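Below: the structure, in structure tokens.
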Amino acid sequence: MDSSLRYQDKVVIVTGGARGIGKGCVETFVKNGAKVAFCDILDDEAKPLEEKMNKMGPGEAYYINCNLRDEAQIKNMIEKVVEKYGTIDCLINNAGYHPGYAAIDDVTVECFYKLLQVNLIAVFLTCKYALPYIRLAKGNIINIASVVAYIGQKDSIPYTASKGAIASMSKTLAISEAKHGVRVNTVSPGAIWTPMWEEVMNNAENPEKFYNEGVSYQVMGCMGTPSNIGTACLYLAADGTYCTGMDMNVSGGIDISVGSKNEVALS
């Protein structure tokens, strides 16, 4: 066994692993010797990633197409992982999306329900179906929340609500699962440069201004990368063995500096 590999031969599930933060997690864990099962619906991006990871090693990747809006598919995905690997050591619930910005007047109930189905209900269901195996392994769960769950985000009610719920649910799950030796934590990213962030930016009225403002919010003066989040998750899975019910803020300092926030005063 290579002692430099921090999660060698451990079995990890990453939801939404084809791109963005999920892809960063897949790459980080494979580089550290893990057997990473990742699910998505983006076959055109997921299959090349699976092939690349298996050539690169030292761990391996296993892609499963799974629509997280379908409970039966979630259950089947978990069963496939256990059938292939026999156990689950770590579950990283990453899949989710940002619907863009809209005032409450323009947010429909249908839009809200649709987002919650992926951003929240799917997290609940993957935890529910994976936990019997994670308990046996005395493993851990990492749920990707967001710094906006704590600081808010203008015209983003469904998204911030979903991320706040993930943070609260994770703390409760940490309390309930401690008796089984299972740890549950969250990672809260700030502005991470991902395809989702780029899509929201491109839909903005002034994309360049939107990007520059996004960068300026971090006291570190730059956006984070998916690998930054993958590394944080690796710490919680491999090294943070006395961490449970905690939130790891990986935000570049977006929440620690005073800035202009009052549009009325600025207009």
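Just so you know, residue 1 is the first one in the sequence shown, and it goes up from there. Here the structure is a predicted model, which is why all the values come from computation and not from measurement. Below, each value reflects all heavy atoms present in this structure, side chains not excepted, and no hydrogens, waters or symmetry copies.
- With sequence neighbours left out, Glu177 forms a salt bridge (charged side-chain N to carboxylate O under 4.0 Å, His left out) with Arg135.
- Closest non-hydrogen pair, Glu213 versus Ser216, comes out as O-OG, 2.7 Å.
- Considering every non-hydrogen atom in both Val184 and Ala174, the closest pair reads O-CB, 3.6 Å.
- Evaluation of the side-chain hydrogen bond (donor to acceptor under 3.5 Å, both in side chains) test over residues 19-44, restricted to residues two or more places apart or in two chains, returns Arg19-Glu45, Asp43-Tyr63, Asp43-Asn65.
- With contacts defined as side-chain heavy-atom distances shorter than 4.5 Å, the pair Ile21/Met196 does not qualify.
- Here the side chains of Ile92 and Phe29 are in contact, with some heavy-atom distance below 4.5 Å.
- Taking the side chain as every heavy atom from C-beta outward, His180 and Ile134 never approach each other to under 4.5 Å.
- Considering only residues two or more places apart in sequence or on other chains, Glu79 meets the side chain to side chain donor-acceptor pair (under 3.5 Å) condition with none of them.
- Under the 4.5 Å side-chain heavy-atom criterion for grouping Ile, Leu, Val, Met, Phe, Trp and Tyr, Leu236 is not connected to Leu173 through any hydrophobic cluster.
- Phe38 and Met56 fall within the same hydrophobic cluster, where Ile, Leu, Val, Met, Phe, Trp and Tyr residues are linked whenever their side-chain heavy atoms come under 4.5 Å apart, directly or through other members.
- Rounding to the nearest 0.5 angstrom, the gap separating the CD1 atom in Ile88 from the CG atom in Asn140 is 11.5 Å.
- In this structure, Val11 is a member of the same hydrophobic cluster as Tyr62, with clusters built from ILVMFWY side-chain heavy atoms closer than 4.5 Å.
- With contacts defined as side-chain heavy-atom distances shorter than 4.5 Å, the pair Leu116/Pro158 does not qualify.
- Nearest heavy atom pair, residue Val250 against residue Ala232, reads CG2-CB, 3.9 Å.
- Contact between Pro189 and Ile229 at its shortest, heavy atoms only, is CB-CD1, 3.8 Å.
- Sequence neighbours left out, not one pair with a member in residues 95-112 passes salt bridge (charged side-chain N to carboxylate O under 4.0 Å, His left out).
- To the nearest 0.5 Å, atom CE of residue Met169 and atom CD1 of residue Ile141 are 9.0 Å apart.
- Each of Asn93, Asp247, Asn143, Asn185 was compared with Ser170 under the side chain to side chain donor-acceptor pair (under 3.5 Å) criterion, and only Asn143 meets it.
- Under the 4.5 Å side-chain heavy-atom criterion for ILVMFWY residues, a single connected hydrophobic cluster contains both Tyr129 and Phe124.
- Considering only residues two or more places apart in sequence or on other chains, Tyr159 meets the ring pair (Phe, Tyr, Trp, His ring centres under 6.0 Å) condition with His98.
- When only modelled atom types and interatomic distance are considered, Thr225 and Asn228 share a side-chain donor-acceptor pair under 3.5 Å.
- Among residues two or more places apart in sequence or in another chain, the salt bridge (charged side-chain N to carboxylate O under 4.0 Å, His left out) test is passed with Lys55 by Glu51.
- Counting only residues at least two apart or in different chains, side-chain hydrogen bond (donor to acceptor under 3.5 Å, both in side chains) contacts with residues 233-245 comprise Arg6-Asp239.
- Proximity of a side-chain donor or acceptor of Gln8 to a complementary backbone N or O of Ser4 within less than 3.5 Å is not detected.
- The salt bridge (charged side-chain N to carboxylate O under 4.0 Å, His left out) test applied to Arg69 returns no partner, not counting sequence neighbours.
- For the salt bridge (charged side-chain N to carboxylate O under 4.0 Å, His left out) test, no residue two or more places apart in sequence or in another chain qualifies with Asp255.
- Hydrophobic clustering, defined by side-chain heavy atoms of Ile, Leu, Val, Met, Phe, Trp and Tyr closer than 4.5 Å, groups Tyr211 together with Tyr101, Trp193, Trp197, Val200, Met201, Phe210, Val215, Met223.
- In the hydrophobic clustering (ILVMFWY side chains linked at under 4.5 Å, chained through shared members), Val109 is joined by Tyr113.
- With contacts defined as side-chain heavy-atom distances shorter than 4.5 Å, the pair Ile13/Cys39 does not qualify.
- The minimum heavy-atom distance linking Leu49 with Gly17 is given by the pair CD2-O, 3.3 Å.
- In this structure, CG in Asn76 is found 9.0 Å from CD in Glu83, a value given to the nearest 0.5 Å.
- Nearest heavy-atom pair, Ala37 versus Val81, reported as atom, atom and distance to 0.1 Å: CB-CG2, 3.6 Å.
- Separation of atoms OG (Ser188) and CG (Asn249) is listed at 6.5 Å; rounding is to 0.5 Å.
- Annotation: the span from Thr160 atom OG1 to Ile151 atom CD1 amounts to 10.5 Å, rounded to 0.5 Å.
- Here the side chain of Thr15 pairs a donor or acceptor atom with the backbone of Ala95 at under 3.5 angstrom.
- Between Val14 and Val36, some side-chain heavy-atom pair lies under the 4.5 Å cut-off.
- By the criterion of side-chain heavy atoms lying less than 4.5 angstrom apart, applied directly or through intervening Ile, Leu, Val, Met, Phe, Trp or Tyr residues, Leu136 is not grouped with Leu131; the two fall into different hydrophobic clusters.
- Atoms CD1 and OG, from Ile192 and Ser251 in turn, are 8.5 Å apart once rounded to the nearest 0.5 Å.
- Residues Leu115 and Ser162 form a side-chain contact, since some pair of their non-hydrogen atoms from C-beta on lies under 4.5 Å apart.
- By the 4.5 Å heavy-atom criterion applied to side chains, Leu120 and Ile166 are counted as neighbours.
- Evaluation of the ring pair (Phe, Tyr, Trp, His ring centres under 6.0 Å) rule for Tyr85 yields no partner, not counting sequence neighbours.
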